Amino acid sequence: MEFFCCHRDRPGSLALREESVEEHWSYMDRYAKELIARGPTFADDGETTTGSVHIVDLPDPASARAFAFEEPDYQAGAYRDVLLRRWRNVLGRTMWDFPGGRTDGNRYLVLGLGEGPAADLVPPLDREELVAYGPLLSDDGNTWLGTAVLLRVPDPGTARAVLTADRYADVEVHDREFGGRR
């Protein structure tokens with residue numbers, strides 16, 4: 001089962017995250033085979049971290065909750081909240097398989113939270129610009145709750161346009177980059 005996990009930084013928690021960076025990476029290294037994507041998100045200035053995204057393939061919701069809440073930065077109090085949802089890997093690949101490489105272009109997380117009939121189940125863009133794409137789902141996988149996309153596009157407006165405008169209660173766009181040591 002695939003899960004989308006977004007840890008959102010508590011204001012002023014950068015020092016906590018910097019203190020535990022090696023512990024965080026070592027923790028994630030334990031999940032290297034299960035990770036589909038990972039990396040930090042940033043504020044509009046492109047420098048201030050706002051959180052950390054992990055997409056991971058684990059056996060069940062309980063394992064996903066353990067992954068999210070045993071994470072060292074979470075345990076240290078660096079995060080204000082955690083969004084954890086089932087997710088479906090529409091592209092069938094990991095971020096390390098992304099043909100665009102780790103550093104070229106502008107990278108974004110687009111997170112659309114919705115309800116009702118599912119939207120955007122099929123990627124609207126050329127898959128070459130998509131790092132990861134899939135619906136956010138309830139724990140049982142039967143109810144659509146939104147869409148999470150990692151992509152490379154020129155700007156935040158283009159990133160936002162990847163989702164159907166009127167199908168989401170809220171859409172967030174965050175700068176992001178590839179994470180980890182891989």
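Start at 1 with the first residue, then count along the sequence. No experiment lies behind these values; they were computed from the predicted model shown. In what follows, every heavy atom counts, from backbone to side chain, and hydrogens, waters and symmetry copies are set aside.
- Distance alone, capped at 3.5 Å, is enough to place a donor-acceptor pair between the Asp120 side chain and the Thr164 backbone.
- A chain of hydrophobic side-chain contacts below 4.5 Å, direct or via other Ile, Leu, Val, Met, Phe, Trp or Tyr residues, connects Leu163 to Val153.
- Here the side chain of Glu2 pairs a donor or acceptor atom with the backbone of Asn89 at under 3.5 angstrom.
- Separation of atoms CG (Leu83) and SG (Cys5) is listed at 8.0 Å; rounding is to 0.5 Å.
- Here the CZ atom belonging to Phe42 is positioned 12.5 Å from the OH atom belonging to Tyr108, to the nearest 0.5 angstrom.
- A single hydrophobic cluster is seen to contain both Trp87 and Leu35, as judged by linkage of ILVMFWY side chains at heavy-atom distances under 4.5 Å, directly or through other members.
- Side-chain polar atoms of Ser26 and Asp29 form no donor-acceptor pair below 3.5 angstrom.
- From Glu128, atom CD reaches atom CZ of Phe98 across 8.0 Å, with rounding to the nearest 0.5 Å.
- Counting non-hydrogen atoms of neighbouring residues, nucleotides and ligands closer than 6.0 angstrom, the CZ atom of Arg93 exceeds 12 such neighbours.
- Side-chain heavy atoms closer than 4.5 Å link hydrophobic residues (I, L, V, M, F, W, Y) into clusters, and following such links, even through other members, never connects Val171 to Leu137.
- Enclosure of atom CG in Asp60 by more than 12 non-hydrogen atoms of other residues, nucleotides or ligands within 6.0 angstrom is indicated.
- The main-chain N or O of His54 is never found under 3.5 Å from a side-chain atom of Arg38 such that the two would form a donor-acceptor pair.
- Side-chain atoms of Tyr168 and Thr147 include a donor-acceptor pair closer than 3.5 Å.
- Cluster annotation: Trp96 is connected to Phe3 through the hydrophobic network of ILVMFWY side chains, with a link wherever side-chain heavy atoms come within less than 4.5 Å.
- Panel note: side chain Gln75, backbone Phe69; a donor-acceptor pair is recorded below 3.5 Å.
- We find the CG-CD1 distance between Asp97 and Ile36 to be 10.5 Å, quoted to the nearest 0.5 Å.
- By the criterion of side-chain heavy atoms lying less than 4.5 angstrom apart, applied directly or through intervening Ile, Leu, Val, Met, Phe, Trp or Tyr residues, Leu150 is grouped together with Leu84 in one hydrophobic cluster.
- Results of the side-chain contact (heavy atoms from CB on, under 4.5 Å) test with Met28 over Glu23, Glu71, Glu34 single out Glu71 as the only residue that passes.
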Salt bridge (Lys or Arg N to Asp or Glu O under 4.0 Å) between Glu172 and Arg8: does it pass, once the steps are laid out? CA-CA 12 Å; Glu172 301 174 17; Arg8 298 168 190 262; 2.9 Å; yes

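- Interatomic distance, Leu16 CG to Asp73 CG, rounded to the nearest 0.5 Å: 8.0 Å.
- A distance of 6.5 Å separates CG of Asp9 from OG1 of Thr41, quoted to the nearest 0.5 Å.
- The backbone N or O of Gly77 lies less than 3.5 Å from a partner atom in the side chain of Arg10, making a donor-acceptor pair.
- Ring planes of Tyr79 and Tyr74: parallel class, angle under 30° (limits at 30 and 60°).
- The main-chain N or O of Asp104 is found under 3.5 Å from a side-chain atom of Arg107 such that the two form a donor-acceptor pair.
- Under a 3.5 Å cut-off, the side chain of His7 and the backbone N or O of Ala68 do form a donor-acceptor pair.
- Judged purely by atom type and a 3.5 angstrom limit, Arg160 has no side-chain atom pairing as donor or acceptor with the backbone of Asp155.
- Distance alone, capped at 3.5 Å, places no donor-acceptor pair between the Tyr31 side chain and the Asp57 backbone.
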